[in-house]
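Worksheet for the structure shown next.
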Amino acid sequence: MKKREAGFRLGLLALMALSLDCGAVSAGDALQVVDGDTLDIAGKRYRLHGIDAPEAGQKCRSAGGGNWSCGQAAIATLEELVTDRRVLCDDRGFDDYGRTIAVCFADGRDVNHELVAAGLAWAFRKYSEDYVDTEDQARKLKMGIWQAPTQTAWEYRADKWAVALQAAPNGCPIKGNISNGGKIYHAPWSPWYMKTKVSPERGEVWFCDEAEAVKAGWRAPYWGARRM
């Protein structure tokens, strides 16, 4: 009996430890949608595991031959998925920018899966194949980004980077800007990149990569429409 009781206690402790490894937010906690695949929860930044959503300013090809704001659609859908819901994110380690890589669940729904299924994110096969089957189904149904041939998020970033690199000082194209919102950096794919000026006399600087900007105390801009 004592062995069984000891085993139960050990199991309970294991479950408690597992819960501590996850980030959870209730309706009253601070939650901010950063972009289509990134969340801030109670001051901790989560990058959704295994997916890559269109960038905030990215447009994708539509079935009719025009363009649509796929980046904004991804952000809006992520907001819809997490607003007024209990959000639980697991911990898959950290990326080069200090963000926690995670699968996030909103009232039990896999948010990462939902974005890929809606055609609002690619399965990030370079890092994981967890959502490949989901992407294949979305492509078959011509959902979202799959309604017409379009540029992937990583191709979009690479193209914007290459163009900005030609005009950037010392090969460092990321703009560190200081505003009322604090120290914010804009990568070349930011919708505000061309409007952002770097004024060294104000303490603004150029960065060679995002990791350098984060280490220096700058943050990426919030593209979500609301703070929760």
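In this structure, V198 belongs to a hydrophobic cluster whose other members, linked by side-chain heavy atoms under 4.5 Å apart, are Y193, M194, W206.
Linking ILVMFWY side-chain heavy atoms closer than 4.5 Å, directly or via other members, places F124 and W189 in two distinct hydrophobic clusters. At a threshold of 4.5 Å between side-chain heavy atoms, the hydrophobic network of Ile, Leu, Val, Met, Phe, Trp and Tyr places L39 and L81 in one connected group.
Checked against R45 for a salt bridge (Lys or Arg N to Asp or Glu O under 4.0 Å), the options D35, D37, D40 give a single hit: D40. Residue V103 forms a side chain to side chain contact (heavy atoms under 4.5 Å, CB included) with just one option from D90, L88, I51, D91, and that option is D90.
Pairs engaging residues 180-200 under the salt bridge (Lys or Arg N to Asp or Glu O under 4.0 Å) rule: none recorded [sequence neighbours left out]. Screening residues 38-76 for disulfide (SG to SG under 2.5 Å), with sequence neighbours left out, gives C60-C70. Note on residues 125-207: pairs passing disulfide (SG to SG under 2.5 Å), not counting sequence neighbours, are C172-C208. Residue pairs meeting the side-chain hydrogen bond (donor to acceptor under 3.5 Å, both in side chains) criterion with at least one partner in residues 160-180, sequence neighbours excluded, are N177-E204.
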Worked verdict on T100 versus F94 for side-chain contact (heavy atoms from CB on, under 4.5 Å):
CA-CA 5 Å; T100 300; F94 299 93; 3.4 Å; yes
So R157 and D52, salt bridge (charged side-chain N to carboxylate O under 4.0 Å, His left out) or not? Walk me through it.
CA-CA 11 Å; R157 291 191 295 267; D52 197 8; 2.8 Å; yes
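With sequence neighbours excluded, the residues forming a side chain to side chain contact (heavy atoms under 4.5 Å, CB included) with R139 are R125, E135, D136, W146, listed by chain and number. Partners of Y185 under the ring pair (Phe, Tyr, Trp, His ring centres under 6.0 Å) rule, at least two apart in sequence or in another chain, do not exist in this structure. Taking the ring pair (Phe, Tyr, Trp, His ring centres under 6.0 Å) definition, one finds that Y97 meets it with nothing, sequence neighbours left out. Taking E201 as the reference, S199 meet the side chain to side chain contact (heavy atoms under 4.5 Å, CB included) condition, with sequence neighbours excluded. Every residue two or more places apart in sequence or in another chain was checked for a side chain to side chain contact (heavy atoms under 4.5 Å, CB included) with V163, and none qualifies. Annotation: side chain to side chain contact (heavy atoms under 4.5 Å, CB included) contacts of A148 (sequence neighbours excluded): R61.
Side-chain N/O atoms of W192 and S190 include no donor and acceptor closer than 3.5 Å.
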Just list the side-chain donor-acceptor pairs under 3.5 Å for residues 105-113, sequence neighbours left out, or say none.
{"unit_1": "D107", "atom_1": "OD1", "unit_2": "R86", "atom_2": "N", "d": "3.0"}
{"unit_1": "R109", "atom_1": "NH2", "unit_2": "E114", "atom_2": "OE1", "d": "3.3"}
{"unit_1": "D110", "atom_1": "OD1", "unit_2": "N112", "atom_2": "N", "d": "3.0"}
{"unit_1": "D110", "atom_1": "OD1", "unit_2": "H113", "atom_2": "N", "d": "3.1"}
{"unit_1": "D110", "atom_1": "OD1", "unit_2": "Y131", "atom_2": "OH", "d": "3.3"}
{"unit_1": "D110", "atom_1": "OD2", "unit_2": "Y131", "atom_2": "OH", "d": "3.0"}
{"unit_1": "N112", "atom_1": "OD1", "unit_2": "C104", "atom_2": "N", "d": "3.2"}
{"unit_1": "N112", "atom_1": "ND2", "unit_2": "H49", "atom_2": "O", "d": "2.9"}
{"unit_1": "N112", "atom_1": "ND2", "unit_2": "A102", "atom_2": "O", "d": "3.3"}
{"unit_1": "H113", "atom_1": "ND1", "unit_2": "T134", "atom_2": "OG1", "d": "3.2"}

